[in-house]
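Each remark here refers to the structure printed beneath this line.
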Amino acid sequence: MKFTQPRLPYTPDALMPVISPATIEYHYGKHERAYIDTLNKLIEGTEYADMPLEDIIVKSEGKLFNNASQAWNHIFYFFQFSPDGLKEPSGKLRKKIEEQFGSLDDFKKKFEEAGATLFGSGWVWLAADKEGNLSIIPAGNAGNPLTQNLQPIMVFDVWEHAYYLDYQNLRAEYLHRLWDIVDWDVIESRYGE
Ligand code: MN
């Protein structure tokens, strides 16, 4: 087995009440795990067997792309949360957000809207280009900005399995509540701070 599922940097109840231990059990314990297991089966004995996951995402398509990208996306998603992380960005990311979106609140509103209005399953991304310019990217299914040569900075999962146990059909409410557990220290380090 090439890729292993990383352990979460917090306990299953640490993100309550925003994300329940039951959602962690299913979303991290079953969904993320299944993508990684399937990815490992698909690459065995192929040209992808020794490739970094990011390269597989960029070079593959179909079932392999779906499982490789879903594995990467979920790891990225769960590692950006903390019960006691930095509550707001402060450095050059903060400055860039205000420059491009007006204010942190305006940015959050736009980001939530992009996730709430994405039809079907997918992800809403914050990504940066080589110059550090930001964009909000809604992506269906297993979409990932790496395929557009952009650096992923933050992501909210808008597949129903991410929120249905805790919020039922209230996707917008789930997206709004996620800000309470985003660790901006992690987001800033992804932006190169
Ligand atoms: Mn998910």
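Keep in mind that the numbers below use all heavy atoms, side chains included, and drop hydrogens, waters and symmetry copies. In listed order, ligands and their atoms are each counted from 1.
Residues meeting the ring pair (Phe, Tyr, Trp, His ring centres under 6.0 Å) test with Tyr35, sequence neighbours left out: His74.
Note: Trp159 and Tyr77 fail the aromatic proximity criterion, with ring centroids not under 6.0 Å apart. Under the 6.0 Å cut-off for aromatic ring centres, Trp184 and Tyr191 do not qualify, their centroids lying 6.0 Å or more apart.
The tally of protein N/O/S atoms under 2.8 Å from the Mn ion (ligand 1) stands at 4.
The minimum heavy-atom distance between Leu86 and Asp185, with the atom names listed, is CB-N, 3.5 Å.
Look at Glu99 and Lys96 and you find a salt bridge, because one of the NZ, NE, NH1 or NH2 atoms lies within 4.0 Å of a carboxylate O, short of that distance. Contact check on Glu112 versus Lys108 returns no salt bridge, with no Lys/Arg side-chain nitrogen under 4.0 Å from an Asp/Glu carboxylate oxygen.
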